[in-house]
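Contents: one structure, followed by commentary.
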Amino acid sequence: MEHPETQETGEDETSSGFYAQDVAFRSGFVQLQTPMSMAYAAASQGFVPPDPRGPFTYMDLGCGDGTTLNALASLYPESAFVGIDFNPGHIERARRVADEARLSNVRYIEGSFAQVDAASLPTCDFVGMNGIYSWLENDLCAAVRGLLDACLKPGGLFYVEFTTLPGAISQWPLWHLIQGLVPPEAASDSRERAETALNLLEKLVDGGMGYLQAHPTARRAAVNYINQRKRSANTVDHFAHNALASGFRPRFFSEMCQEMAQAGLSYVGRASVRYNELELAVPAKQAGLLRQVHDSTLREQLIDYIRNDNARRAVFVKDGEQAPEAASEVLYNSFHVVTNRSSERIPRFVRRHDNTRFPLQGAGYDALFKGFDGEAKR
């Protein structure tokens, strides 16, 4: 995950909340926010995406140290990339790596989302935002929506990871309590604050809390941080970003759709496309029930209750309308299938959410799998 806004004092000029700026957040490559992944998610749901083969313009909101963006800039030399992050350490590293790799098609902007002038930004085909939105104060969320409204082209795609309700409902009060017990002014920096907070959390867990007994998901989150702290030095910094950000707030799916609609965006589907299929997203007995819910937003919210995930990785489209036939042409022309093993060795099943197997058997599947042998196929 790559992250939001505050100054070293914890007080951002545009927000009354706190978010750690003086510790780095460890970045990683996020495959689901690649143009190809976004485009495939959109086309598989009947929307015609921007051409993911380029040239295109891509913006990463909360780009962290540029791990994802620099990799994409290297893969697509004819396309243009822009990364925005408030953390000067993140931006310094991102620029240094880009310079060392001689990437002339990527630029980085250091600053709060509320401070960036949208007029200075290009119009974009793709925008990515991984694991940040749910940690932003309300005014900064509004600033993100303003950037999307101003910069995302009609038909452009937005990938966003956000924390969901009801799955994350029990963690929210726990982090709120810890933030109150160890306020920003109680420590000289964010790492010291996180260390103090983790020490207190461990005592609370060991001493017994009725809340944690009644909410095992919150207890697992706390115990995971306590145990990981002993194995990895990065755990403290992760805790400073994730648990001690005052803006942290999970959202119902319907809330997120309402907020995105303010920027002209509508929901396309999950970035993990397999979970757009009801037979794979939920236990088999629930798929039939979900088909009876005709309101698509309410159906997706019901899926969140069934799955009880902590987060969604979603794709939204700007001013988009479904065009299934044209989207099918995109799937045929832009995407190919290739396997890393012979068809005889490919497992003939897909796992559902409840860990049961959806079988891939029959003459049609036999022909399909046989066709996978050899070179990449449409």
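Numbering starts at 1 and runs along the sequence shown. Please read all numbers here as calculations on a predicted model, not as lab measurements.
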Are Arg249 and Glu255 ion-paired here, with the side-chain N under 4.0 Å from a carboxylate O? yes
Indicate if Tyr332 and Val330 have the same hydrophobic cluster label, given that clusters are the connected sets of ILVMFWY residues with side-chain heavy-atom separations under 4.5 angstrom. no
If only side-chain N and O atoms count, and only distance matters, is there a donor-acceptor pair under 3.5 Å linking Arg229 with Asn199? yes
Indicate the ring-plane relationship of Phe81 and Tyr76, choosing parallel, tilted or perpendicular according to the 30° and 60° boundaries. tilted
Supply the atom-to-atom distance Leu290 CG to Glu300 CD, rounded to the nearest 0.5 angstrom. 8.5 Å
Kindly state whether the ring of Phe349 and the ring of Phe358 have centres lying under 6.0 angstrom apart. no
Do Glu192 and Ser188 have side-chain atoms, one donor and one acceptor, less than 3.5 Å apart? yes
Are Arg270 and Asp304 within salt-bridge range, i.e. N to O under 4.0 Å? yes
Evaluation steps, side chain to side chain contact (heavy atoms under 4.5 Å, CB included), between Asn70 and Tyr108: CA-CA 10 Å; Asn70 282 333; Tyr108 289 97; 2.7 Å; yes
Which residue pairs pass the ring pair (Phe, Tyr, Trp, His ring centres under 6.0 Å) test when at least one of the two sits in residues 211-234, sequence neighbours left out? Trp175-Tyr225, Tyr211-His215, Tyr225-His238, Tyr225-Phe239
Is Phe158 reachable from Val116 through a run of I, L, V, M, F, W or Y residues, each pair having side-chain heavy atoms under 4.5 Å apart? yes
Using distance only, find each side-chain donor-acceptor pair of residues 177-184 under 3.5 Å and give its atom names and separation, not counting sequence neighbours.
unit_1: Gln179; atom_1: NE2; unit_2: Ala243; atom_2: O; d: 2.9
unit_1: Gln179; atom_1: NE2; unit_2: Ala245; atom_2: O; d: 3.1

Answer whether the closest heavy-atom distance between the side chains of Glu137 and Ser246 falls below 4.5 Å. yes
Rounded to the nearest 0.5 Å, the OG1 atom of Thr163 sits from the CG atom of Asp309 at a distance of 11.5 Å
Heavy-atom count check: over 12 atoms from other residues, nucleotides or ligands less than 6.0 Å from Glu321 CD? no
Side-chain ion pair, Arg96 and Glu92, N-O less than 4.0 Å: yes
What I'd like to find out is whether the side chain of Phe113 reaches to under 4.5 Å of the side chain of Met129, using heavy atoms alone. yes
When you look at Tyr133 and Glu161, which way does the side chain to side chain contact (heavy atoms under 4.5 Å, CB included) test go after all the steps? CA-CA 7 Å; Tyr133 194 84; Glu161 180 190 21; over 6 Å; no
So ring pair (Phe, Tyr, Trp, His ring centres under 6.0 Å) across residues 285-311, not counting sequence neighbours, yields none
For residues Gln33 and Thr68, is any side-chain donor paired with an opposing acceptor at under 3.5 Å? no
Verify, without hydrogens or angle tests, whether Lys318 (side chain) and Gly264 (backbone) share a donor-acceptor contact under 3.5 angstrom. no
If you count heavy atoms of other groups shown closer than 6.0 angstrom to CD of Glu185, is the number above 12? yes
Judged by atom type as modelled, is there a donor-acceptor pair below 3.5 Å linking the side chain of Trp172 to the main-chain atoms of Pro250? no
Side chain to side chain donor-acceptor pair (under 3.5 Å) test vs Tyr159 passes for just one of Asn130, Asp60, Thr34, namely Asn130
For Phe248, does its backbone N or O pair with a side-chain atom of His176 as donor and acceptor, under 3.5 Å? no
Which atoms form the tightest heavy-atom contact between Ala73 and Val106, and what is the distance? CB-CB, 4.0 Å
Is a donor on one side and an acceptor on the other found under 3.5 Å between the side chain of His353 and the backbone of Leu280? no
Report yes if some heavy atom in the side chain of Arg251 is under 4.5 Å from a heavy atom in the side chain of Cys141; otherwise report no. yes
Could you go step by step and tell me if Leu157 and Val127 meet the side chain to side chain contact (heavy atoms under 4.5 Å, CB included) rule? CA-CA 6 Å; Leu157 300 178; Val127 178; over 6 Å; no
Asp354 and Ala284: which non-hydrogen atoms are nearest, and at how many Å? OD2-N, 4.1 Å
Ring geometry between Phe253 and Tyr267 (parallel below 30°, tilted from 30 to 60°, perpendicular above 60°): perpendicular
Does a salt bridge link Arg191 with Asp189, judged by any charged N lying under 4.0 Å from a carboxylate O? no
Rounded distance [0.5 Å steps], CZ in Arg93 versus CG in Asp85: 13.0 Å
In this structure, would Leu289 and Val282 fall into the same cluster of hydrophobic residues linked by side-chain contacts under 4.5 Å? no
What are the two closest heavy atoms between Phe18 and Ser190, and how far apart are they? CZ-OG, 3.8 Å
When every non-hydrogen atom of Val315 is compared with those of Ala41, the smallest separation belongs to CG2-CB, 4.1 Å
Leu331 vs Tyr40 side-chain heavy atoms within contact, under 4.5 Å: yes
Inter-residue atom distance Leu75.CG - Met36.CE, 0.5 Å rounding: 10.0 Å
May I ask you to test the Ser254-Leu298 pair for a side-chain heavy-atom distance under 4.5 Å? no
Between Thr235 and Lys230, does a side chain to side chain contact (heavy atoms under 4.5 Å, CB included) hold up when you go through it step by step? CA-CA 9 Å; Thr235 302; Lys230 301 170 185 176; over 6 Å; no
Is there a side-chain contact between Met59 and Cys151 (heavy atoms, below 4.5 Å)? yes
Going from CZ on Arg313 to OG on Ser272, what distance comes out if it is rounded to the nearest 0.5 angstrom? 6.5 Å
Leu200-Val236 co-clustered via ILVMFWY side chain contacts under 4.5 Å: yes
Main-chain N/O of Gln21 paired to Asn87 side chain as donor or acceptor, under 3.5 Å: yes
Same cluster for Leu32 and Tyr275 if Ile/Leu/Val/Met/Phe/Trp/Tyr side chains link at under 4.5 Å? no
Okay, side chain of Asp125, backbone of Pro50: is any donor-acceptor separation there less than 3.5 Å? no
Has Glu100 got more than 12 heavy atoms of other residues, nucleotides or ligands less than 6.0 Å from its CD? yes
Evaluate the side-chain proximity of Leu121 to Ile84: yes if any heavy-atom separation is below 4.5 Å, no if none is. yes
For Ser112, is there any backbone N or O sitting under 3.5 Å from a side-chain donor or acceptor partner on Gln115? yes
Can Asp366 and Arg348 be said to form a salt bridge (charged side-chain N to carboxylate O under 4.0 Å, His left out), step by step? CA-CA 10 Å; Asp366 290 342; Arg348 293 295 191 97; 3.0 Å; yes
Answer whether the closest heavy-atom distance between the side chains of Tyr58 and Leu69 falls below 4.5 Å. yes
Does Asn224 reach the main-chain N or O of Arg220 with its side chain, forming a donor-acceptor pair under 3.5 Å? no
Is the count of non-hydrogen atoms from other residues, nucleotides or ligands lying under 6.0 Å from Arg307 atom CZ greater than 12? yes
When you check the gap from the basic side-chain N to the acidic O, do Arg352 and Glu279 get nearer than 4.0 Å? no
Once you round to the nearest 0.5 Å, how far does CZ of Arg299 lie from CD1 of Ile306? 11.5 Å
